[in-house]
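Here is the structure we will look at.
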Amino acid sequence: MRMIDLGSQRGHALHIMDTATSVDCGKEVRFRRSFRSLVECMVPCCGFQPSDSLSSDTESTLGSSSTVTGTFFGYRKGRVSFCLQDDTRSSPLLLLEFAVPTAYLAREMQHGVLRIALECDRQKEILSSCSLFNVPVWSMYCNGRKVGFAIRRQMTASDAAVLKQMQTVSVGAGVLPAAAANKSEVEAGDGGELLYLRAGFERVIGSHDSESFHMINPVGSSGQELSIFLLRT
């Protein structure tokens, strides 16, 4: 797996590493540079401004919080997927595919604050009592603007291969080579490199109808603010 050591760059060309690496959560500067470099990699023309099936939702106490691993990944010209896991080696708790392309999400990240709200209608009987992690389709809002839908999907062999290659990455941002991509997707023009951003997220359970996930920055960091809200309205 080819990783980019984004944290050590100081305005020079990115250094390509041939071995797996991870980002030290305790070093604020390295994390912020990693995030900045990923966005610049996704959108080169824009500057940056400061298991075969998904596992069911784990039982949690309402009002409680815990820490999970969240991973954004997608081909440069393709759509973004978002995966939640208890840890980097566990089966996904939730796997969503966003209707927006990777480049769009990167542009929204430029501004330093990204709020993704996913809403479903509780009036539909099929959605009124199931776990939020089992809702099949969500209306998606990005920083207050409706941008289409997010779809819960089953993990594919390609997803499993990507997540397996990233098992040693706890926090960081980078690029996976074409070998990690599904050949049919590459041939379809999605691009040969798969971009990813992985971080710890604080999971807050507000009620049976609401949960939120807030990206954890290093202590004292004033870097990227990224939150995802699941709301049954």
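The basis for the numbers below is simple: all heavy atoms, side chains too, and nothing from hydrogens, waters or symmetry mates. Everything numeric in this text was worked out from a predicted model, so none of it was measured.
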(message) So that I can tick it off, tell me whether K146 and E119 are bridged by a salt bridge, with the cut-off set at under 4.0 angstrom between side-chain N and carboxylate O.
(response)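 No, no charged N to carboxylate O under 4.0 Å.
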(request) Please round to the nearest 0.5 Å and tell me the distance separating atom CZ of R107 and atom SG of C142. (result)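 The SG atom of C142 is 12.0 Å from CZ of R107, to the nearest 0.5 Å.
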(message) Just verifying a value: how many Å separate L194 CG and M166 CE, rounded to the nearest 0.5 Å?
(response)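 Reported value, rounded in 0.5 Å steps: 8.5 Å.
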Within the 4.5 Å heavy-atom criterion, are [X] and [Y] side-chain neighbours or not?
{"X": "L114", "Y": "E225", "answer": "no"}
{"X": "L118", "Y": "L231", "answer": "no"}
{"X": "R152", "Y": "N134", "answer": "yes"}
{"X": "F229", "Y": "S210", "answer": "no"}
{"X": "T67", "Y": "I216", "answer": "yes"}
{"X": "L96", "Y": "W138", "answer": "yes"}

(request) Quick one: sort the F98 and F82 rings into parallel, tilted or perpendicular, breaks at 30° and 60°. (result)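 Judged by the thresholds at 30° and 60°, the geometry between F98 and F82 is parallel.
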(message) When you measure from the side chain of T88 to the backbone of S170, do you find a donor-acceptor pair of N or O atoms at a distance under 3.5 Å?
(response)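 The answer is no, because no donor-acceptor pair under 3.5 Å joins these two groups.
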(message) Please check: side-chain N/O of R198 versus main-chain N/O of V169, any donor-acceptor pairing under 3.5 Å?
(response)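 Yes; at least one donor-acceptor contact below 3.5 Å.
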(message) Under a plain distance cut-off of 3.5 Å, with no hydrogens placed, do H214 and R203 share a side-chain donor-acceptor pair?
(response)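 Distance-only check fails for R203 and H214.
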(request) Take D121 and R232, measure what salt bridge (charged side-chain N to carboxylate O under 4.0 Å, His left out) needs, and give me the verdict at the end. (result) CA-CA 6 Å; D121 187 357; R232 182 158 35 205; over 6 Å; no
Indicate the atoms forming the closest heavy-atom contact of [X] with [Y], along with that distance.
{"X": "L132", "Y": "H208", "answer": "CG-O, 3.7 Å"}
{"X": "P92", "Y": "Q85", "answer": "CA-CG, 4.0 Å"}
{"X": "Q154", "Y": "D159", "answer": "O-OD2, 4.0 Å"}
{"X": "F133", "Y": "L230", "answer": "CE1-CD1, 3.9 Å"}
{"X": "S81", "Y": "L95", "answer": "CB-CD1, 4.5 Å"}
{"X": "V68", "Y": "L84", "answer": "CG2-CD2, 3.9 Å"}

(message) One pair to check against side-chain contact (heavy atoms from CB on, under 4.5 Å): V135 and C130. What are the steps and the verdict?
(response) CA-CA 7 Å; V135 173; C130 71; 4.0 Å; yes
(request) Apply side-chain contact (heavy atoms from CB on, under 4.5 Å) to the pair F72 and C83, showing each step before the final yes or no. (result) CA-CA 7 Å; F72 291 91; C83 177; over 6 Å; no
(request) Verify side-chain contact (heavy atoms from CB on, under 4.5 Å) between F201 and T69, making sure each step is shown before the conclusion. (result) CA-CA 6 Å; F201 283 76; T69 296; over 6 Å; no
(request) Please assess E108 against R115 for the test salt bridge (charged side-chain N to carboxylate O under 4.0 Å, His left out), listing each intermediate value before the final yes or no. (result) CA-CA 9 Å; E108 291 299 314; R115 299 286 186 268; over 6 Å; no
(message) Could you walk me through whether D86 and L93 satisfy the side-chain contact (heavy atoms from CB on, under 4.5 Å) test, starting with their C-alpha distance in whole Å, then the side-chain angles of each, then the deciding distance to 0.1 Å, before giving a yes or no?
(response) CA-CA 7 Å; D86 280 326; L93 296 169; 3.4 Å; yes
